[in-house]
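Quick notes on the structure that follows.
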Amino acid sequence: MTGRTIVVTSGKGGVGKSTTTANVGTALAMRGHRVVVIDTDIGLRNLDVILGLESRVAYDLVDVVQGVCKLHQAMIRDKHRFELYLLPAAQTRDKNCIQADQLNALCRNLEREFDYVIVDSPAGIDQGFKIAISAAREAIVVVNPEIAAIRDADRVIGLLEAAGLHRPKLVINRVSQEMMRRGDMMDEDDIVSLLSVEVLGMVPIDERLIIATNRGVPVVYDRKALSGVAFQKIAARIDGDEAVIPVANAKSGLMDRVRGLIGIDRSAFSHV
């Protein structure tokens with residue numbers, strides 16, 4: 001059976017894309033899968049820090065594609081007992097050091113050995129983004145329930161579908177149920193109505209996630225963390241299980257303002 005290559009991306013930086021990659025990858029490994037996460041954010045790598053593996057980086061993605069080292073020399077196994085591996089990005093190179101065909105060949109090779117190959121894309125829509133999505137067969141877009149993030153995500157979804165990655169899924173990060181109930185934050189239904197994509201899960205604002213990330217330990221290991229539970233449910237949905245997504249309805253007045261600011265006409269969606 002061939003493994004699944006999934007790119008995790010976002011339009012806007014700082015929405016929690018790398019944190020999502022690390023925790024979803026870890027959660028899938030905890031479910032008994034062999035998982036490799038690839039950091040393609042060349043020059044600004046973060047996955048090694050989030051996973052607590054920064055001190056063990058000897059080789060990187062660019063070293064592999066340029067033949068400086070063997071693939072398994074650059075892959076770092078997670079410190080826990082699960083089958084989770086990291087292929088880190090290079091910090092001292094630029095995004096032109098790797099080409100789309102090189103990443104594609106690498107992922108096809110990894111699919112023969114791993115159940116999941118998760119590619120952490122750079123934020124934005126420049127060359128690094130195009131290279132990262134080129135090797136994927138599926139896509140996850142991470143977004144915050146904020147106007148700027150939603151507008152950028154809409155643009156990214158259109159680019160993904162133009163590249164052949166149809167029906168990308170959405171992870172809504174940094175959600176406040178209280179703000180949703182007050183009508184001060186968009187809820188799942190609102191965001192789906194704007195972006196017309198399926199939601200994999202919603203991750204709540206959680207100080208335990210911040211603490212875990214600073215310690216280099218994925219929050220899915222923390223059984224008391226609501227964000228960790230959310231990432232576990234997202235992994236379950238990716239893996240084919242059903243997991244309920246909590247919904248809180250926001251007031252329509254907020255959505256009228258959002259639609260006006262974003263300039264999205266639902267009837268004119270190219271990626272419905």
Side-chain angles (χ1 to χ4, degrees), residues 3-12 14-33 35-38 47 50 84 115-121 123 132-133 136-146 149-150 152-161 163 165-177 180 185-206 209 218-220 225-250 269 271-272:
R4 295 166 60 183
T5 297
I6 305 172
V7 65
V8 181
T9 187
S10 66
K12 185 176 182 294
V15 298
K17 171 182 54 58
S18 295
T19 300
T20 298
T21 300
N23 280 283
V24 169
T26 301
L28 287 167
M30 293 171 72
R31 292 174 64 85
H33 295 292
V35 181
V36 57
V37 293
I38 305 175
L47 271 181
I50 297 171
L84 175 66
D115 301 310
Y116 289 95
V117 180
I118 305 181
V119 179
D120 186 31
S121 165
I133 70 172
R137 303 182 190 273
E138 305 170 52
I140 295 172
V141 179
V142 182
V143 67
N144 295 158
E146 302 167 1
I150 296 296
D152 288 350
D154 177 62
R155 172 66 171 152
V156 164
I157 291 167
L159 292 173
L160 288 170
E161 296 200 335
L165 289 169
H166 301 291
R167 301 189 180 280
K169 305 295 192 303
L170 204 66
V171 169
I172 306 171
N173 194 27
R174 297 174 188 154
V175 168
S176 167
Q177 292 289 342
M180 284 183 176
M185 178 179 282
M186 289 174 280
D187 70 6
E188 178 198 0
D189 289 341
D190 296 330
I191 294 171
V192 169
S193 75
L194 290 166
L195 298 179
S196 298
V197 292
E198 178 186 343
V199 175
L200 275 174
M202 300 167 66
V203 182
I205 295 171
D206 186 4
L209 173 58
V219 75
V220 289
L226 294 178
S227 56
V229 173
F231 282 124
Q232 291 279 12
K233 289 182 178 180
I234 290 167
R237 289 172 67 88
I238 292 171
D239 212 22
D241 294 346
E242 289 300 322
V244 176
I245 303 172
V247 176
N249 293 319
F269 259 108
H271 58 265
V272 171

If you compare all heavy atoms of [X] against all heavy atoms of [Y], which two are closest, and at what distance to 0.1 Å?
X	Y	answer
Val219	Ala225	CG2-CB, 3.5 Å
Ser10	Val15	CB-CG2, 3.6 Å
Met202	Glu188	SD-CB, 3.7 Å
Ala236	Arg31	CB-NH1, 3.5 Å
Leu28	Ala235	CD2-O, 3.6 Å
Asn144	Gly14	OD1-O, 4.2 Å

Could you walk me through whether Val171 and Val8 pass side chain to side chain contact (heavy atoms under 4.5 Å, CB included), step by step? CA-CA 10 Å; Val171 169; Val8 181; over 6 Å; no
Taking C-beta and beyond as the side chain, do [X] and [Y] meet within less than 4.5 Å on heavy atoms?
X	Y	result
Val141	Ile157	yes
Val203	Ile234	yes
Ile6	Val24	no

Please name all residues satisfying side-chain hydrogen bond (donor to acceptor under 3.5 Å, both in side chains) with Asp120, sequence neighbours left out, ordered by chain then number.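 Partners of Asp120 under the side-chain hydrogen bond (donor to acceptor under 3.5 Å, both in side chains) test: Lys17, Ser18, Thr21.
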Can you tell me how far [atom2] of [Y] sits from [atom1] of [X], rounded to the nearest 0.5 angstrom?
X	Y	atom1	atom2	answer
Ser121	Ile140	OG	CD1	12.5 Å
Asp239	Gln232	CG	CD	11.0 Å
Lys169	Glu138	NZ	CD	6.5 Å
Asp187	Gln177	CG	CD	9.0 Å
Phe231	Thr26	CZ	OG1	10.0 Å
Leu195	Ile150	CG	CD1	5.0 Å

With side chain to side chain contact (heavy atoms under 4.5 Å, CB included) as the test, would you mind laying out the steps for His33 and Arg4 before giving the verdict? CA-CA 11 Å; His33 295 292; Arg4 295 166 60 183; over 6 Å; no
Among Leu226, Asn173, Ile172, find the residue that satisfies the side-chain contact (heavy atoms from CB on, under 4.5 Å) test when tested with Pro204.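 In the set Leu226, Asn173, Ile172, the residue that makes a side-chain contact (heavy atoms from CB on, under 4.5 Å) with Pro204 is Leu226.
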Only one of Val37, Val35, Thr5 clears side-chain contact (heavy atoms from CB on, under 4.5 Å) with Val117; which?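 Checked Val37, Val35, Thr5 against Val117; only one passes side-chain contact (heavy atoms from CB on, under 4.5 Å): Thr5.
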Quick one, Ile238 with Tyr116, criterion side chain to side chain contact (heavy atoms under 4.5 Å, CB included). Give me CA distance, side-chain angles, the key distance, then yes/no. CA-CA 10 Å; Ile238 292 171; Tyr116 289 95; 3.8 Å; yes
Go through the structure and list residues passing side chain to side chain contact (heavy atoms under 4.5 Å, CB included) with Leu165, not counting sequence neighbours.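 Leu165 satisfies side chain to side chain contact (heavy atoms under 4.5 Å, CB included) with Val7, Ile133, Ala136, Ala139, Leu160 only.
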Has the side chain of Arg237 got a donor or acceptor atom that lies under 3.5 Å from a matching backbone atom of Val199?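 Such a contact is found between Arg237 side chain and Val199 backbone.
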